[in-house]
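Structure first, commentary second.
Both backbone and side-chain heavy atoms feed into the values below; hydrogens, waters and symmetry mates do not.
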Amino acid sequence: MSVWSAILLAALICLALKAIGYLVPARVLEAPRPARISDLLTVALLAALVAVQSLGDGQAIVVDARVPALLVAGGLLWLRQSFLVVVFAAAFVAAMLRLFGLAA
């Protein structure tokens, strides 16, 4: 199977899943349990993406300037700072750590 065949197959599967989603009755999706599960699933997937992008480098786990920057961002979000403040502060921390050679 060529790469393009696999991409086309994946696209068709995604399209089919989306089409099937429209067939699910609204009362099923608006019930408390499925709504709570979808909310938690979204948070879990986002947390996993952040962890992989922050700590992963191929098959290895790497602790570099991204980890302290992520901790600063998490702290500022916990303090309910605006998104722009969070992004700029995290970028500043990572840049300063790299500039002074404290992190890769």
Fill in: Stepwise side chain to side chain contact (heavy atoms under 4.5 Å, CB included) check, Leu46 with Thr42
CA-CA 6 Å; Leu46 182 58; Thr42 303; 5.7 Å; no
> Take atom CG in Leu17; do more than 12 heavy atoms of anything else shown fall under 6.0 Å from it?
Replying inline: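 Atom CG in Leu17 is packed in, count exceeds 12.
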Measuring from atom CG of Leu9 to atom CH2 of Trp4, what distance do you get when rounded to the nearest 0.5 angstrom?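 The CH2 atom of Trp4 is 14.5 Å from CG of Leu9, to the nearest 0.5 Å.
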One should read off an interatomic distance between Ile13 CD1 and Leu8 CG, to the nearest 0.5 angstrom, of 10.0 Å
Would [X] end up clustered with [Y] when hydrophobic side chains under 4.5 Å apart are linked, directly or stepwise?
X     : Y      : answer
Leu99 : Leu97  : yes
Val93 : Met96  : yes
Phe92 : Leu102 : yes

Considering non-hydrogen atoms only, spot the tightest contact between [X] and [Y] and give its length.
X     : Y     : result
Val72 : Ala90 : CG1-N, 4.5 Å
Ser2  : Ser5  : OG-OG, 3.1 Å
Leu76 : Ala89 : CD1-CB, 3.3 Å

Would you say the side chain of [Y] lies within less than 4.5 Å of the side chain of [X], judging by non-hydrogen atoms?
X     : Y     : result
Asp64 : Arg98 : yes
Val3  : Ile7  : yes
Asp39 : Val43 : no

